[in-house]
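The structure appears right after this line, and notes come after that.
Proteins come first, then strands; the chains are lettered A, B, ... in the order of their sequence lines, and each starts at number 1. In this text, all values refer to a predicted model and were calculated from it rather than measured experimentally. We use all heavy atoms of the structure for the numbers below, so side chains are in, but hydrogens, waters and symmetry mates are not.
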Amino acid sequence: MSVAIRPAVAEAPWVRRFVIGAAVLSLALLLLLPLLAVFTEALRRGLAPALAAIVEPDALAAVRLTLLVAAIAVPVNTLGGIAAAWAISKFDFPGRRVLVTLIELPFSVSPVISGLVWVLLFGSQGWFGPWLEARDVRIVFALPGLVLATLFVTFPFVARTLLPLMQEQGRAEEEAAATLGASGLQTFRHVTLPNIKWALLAGVLLCNARAMGEFGAVAVVSGHIRGETNTMPLHVEILYNEYQFVGAFAVAALLALLALVTLLAKGALEWLTGRRQGVETP
Amino acid sequence: MGDHVPGPALGFTQQPESGAPRRGVAVEVSGLTRQFGAAAALCAVDLAVAPGEFVALLGPSGSGKTTLLRILAGLDFPDSGVVRIGGRDVASVPARQRGVGFVFQHYALFRHMNVFDNVAFGLRMLPRARRPSQAAIRERVRRLLALVQIPELERRYPGQISGGQQQRVALARALAIEPPLLLLDEPFGALDAQVRKGLRRWLRALHDQLGITSLFVTHDQDEAMEMADRIAVMRDGRVAQFDTPAAVLARPADPFVAGFLGDANRLECAVAGGMARFALPGLSPLPAPGVPDGPGLAFARPVEVLASPAGSNGRVVTVRPDARGLRVVVAVGPAELEAVAASDWPAPQRGAACGVQVVSAQVFAA
């Protein structure tokens, strides 16, 4: 063999193997194994009991509720996230930095607190509780509470995905559109949106995955009324606590499948984006 | 439609119902002030540009030239002062209704649109009633791309073409809305020297052909000298001088303009009785008519400083052949001056003693 010239940044082979091995091992142990366990447990007694646990009325109600909450929370947070990212990256206004920090708040606050704030505000002992009760409006332990808690927890996803991209892209293209006679709406539709669409989709998918999977915040405001305020994660917990393991794992598997589909969609999008950019900027 | 730039190359032959085609407009700026926090970007700027004129805003970075340009386009707003475009106060007219063409420093092309769609953008954004038909848009875009000499790039994306080509696309896009006023922010700033020189002449010729009023920002004095009808030399948010290239060069209004243009040597001197006596050793006094007695500043361009073998008040530091002769840097006392070697001194050597004289200079009271 001739003399091997090793680039300055290249590590020794054993280091590389060790690092890659450690990464693969921890991935397998921490991510794949639990996922595998969920599906194994769900199918322990065959497909039929698992399916039966899913089509059982309370389970179906939980699936419906989860999808409904996500269907409300995701569009609202998509619009809110776009608005926040747009405002922060394209305009100067007092309080801009504060807004950036506020957007991250749900990430840094414990989900239990994210749920509890709504109970403190709208619960029967809360600030607006008596007023709402007098008018027969239920927020906590009902759909509005679930939606509010989910909105709070999932707000950062779209905004945080868009912000770095929009800040990097700057305002020049929007300014160019303005000098060419485009209105604010036209500029958004024809210039801003096309530039952020892939990041936006990724953010929406992440937001959706979290909206369907959120447990802590939702558990606090739900009240665990079967068939009414139980989302899928809460339903899983109840079944598990009642020693209905097959049912619990079957619903959990369905939830995991939803998440996997979301992630696959995101992966496919990223792959498509990469390919597109590869074509456009050789 | 309705507004038209004349010119055989554009060939916008259909006349608007409203009357005469719109050539360049006059631009008047008075008392324009703009603060960014505590710093003043513009300070009581007055400027009057004639219709069809090609004006350079020349100055070092931070002198406020880009801010002025952005205010004209409606992308920034003055704290006080008036901007009139074509005689009309545009204070309450937003950028999108000004109809001012703007070429951004880094072009700001729409990266997700191909060249054709970039150029067509301004036409497609018109309200339906004024929007040309698809066929008319296609025809006009093709004509513009031919005008900027890149018809073959129609289907390319901005990321696939060179800087010079992007520049032409940006120009075509700005011209598509037939602006009576074209603003260019450092139009050649991001291009290499070779491309720059060609584009300068081409842009100037294009301006003459279209007849629209143009203002461009630059920090490159050669560019300003070569292209502009008049140059507004800017410094610290003020217009230090606004005149033809020949006039700013020959009669700089103040020490800043004199020092900024022509890479002049800056010489301290004392003025007494209309004569400037230099602080550096061995330089003969020069007449300084009209300059009050007291400390002064003289600016002498390299061609006004002569190094010759006769004398010994200087020493040659470097020698550089130049198309017009030999350029030398000479040390005189503590200072180093850019000078030219006398024609009878064919081969000055580095380190050789020499005589240095200032032949002529602009003298100002310090």
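Remark: Phe155(A) engages no residue in a ring pair (Phe, Tyr, Trp, His ring centres under 6.0 Å) (not counting sequence neighbours). With sequence neighbours excluded, the residues satisfying ring pair (Phe, Tyr, Trp, His ring centres under 6.0 Å) with Phe104(B) are Phe102(B).
Other residues, nucleotides and ligands place more than 12 heavy atoms under 6.0 Å from the CZ atom of Arg96(A). For Arg155(B), the CZ atom sits in a packed shell: over 12 heavy atoms of surrounding residues, nucleotides or ligands are nearer than 6.0 Å. Enclosure of atom CZ in Phe18(A) is not indicated, since only 12 or fewer non-hydrogen atoms of other residues, nucleotides or ligands lie within 6.0 angstrom. Counting non-hydrogen atoms of neighbouring residues, nucleotides and ligands closer than 6.0 angstrom, the CG atom of Leu185(A) reaches no more than 12 such neighbours.
Residue contact with chain B, scored on non-hydrogen atoms closer than 4.5 Å, is absent for Thr187(A). The contact between Arg173(B) and chain A is made by backbone and side chain atoms together, counting heavy-atom distances below 4.5 Å. Interface remark: Ala170(B) contributes no atoms to any contact with chain A (heavy atom separation under 4.5 Å). Neither the backbone nor the side chain of Leu183(B) has a heavy atom closer than 4.5 Å to any heavy atom of chain A.
No donor-acceptor pair under 3.5 Å is formed between the side chain of His112(B) and the backbone N or O of Thr192(A).
In terms of heavy-atom proximity, Ala176(A) sits nearest to Ala108(B) at CB-O, 3.9 Å. For the residue pair Arg111(B) and Asn195(A), the shortest heavy atom distance occurs at CG-OD1, 3.4 Å.
Residues of residues 114-125 of chain B lying under 4.5 angstrom from chain A, judged on non-hydrogen atoms, are Phe121(B), Gly122(B), Met125(B) in numerical order.
Identified under the side chain to side chain donor-acceptor pair (under 3.5 Å) test for residues 202-212 of chain A, with sequence neighbours left out: Arg210(A)-Glu214(A).
Note that CZ of Phe110(B) and CD of Glu174(A) are 8.5 Å apart. Values are rounded to the nearest 0.5 Å.
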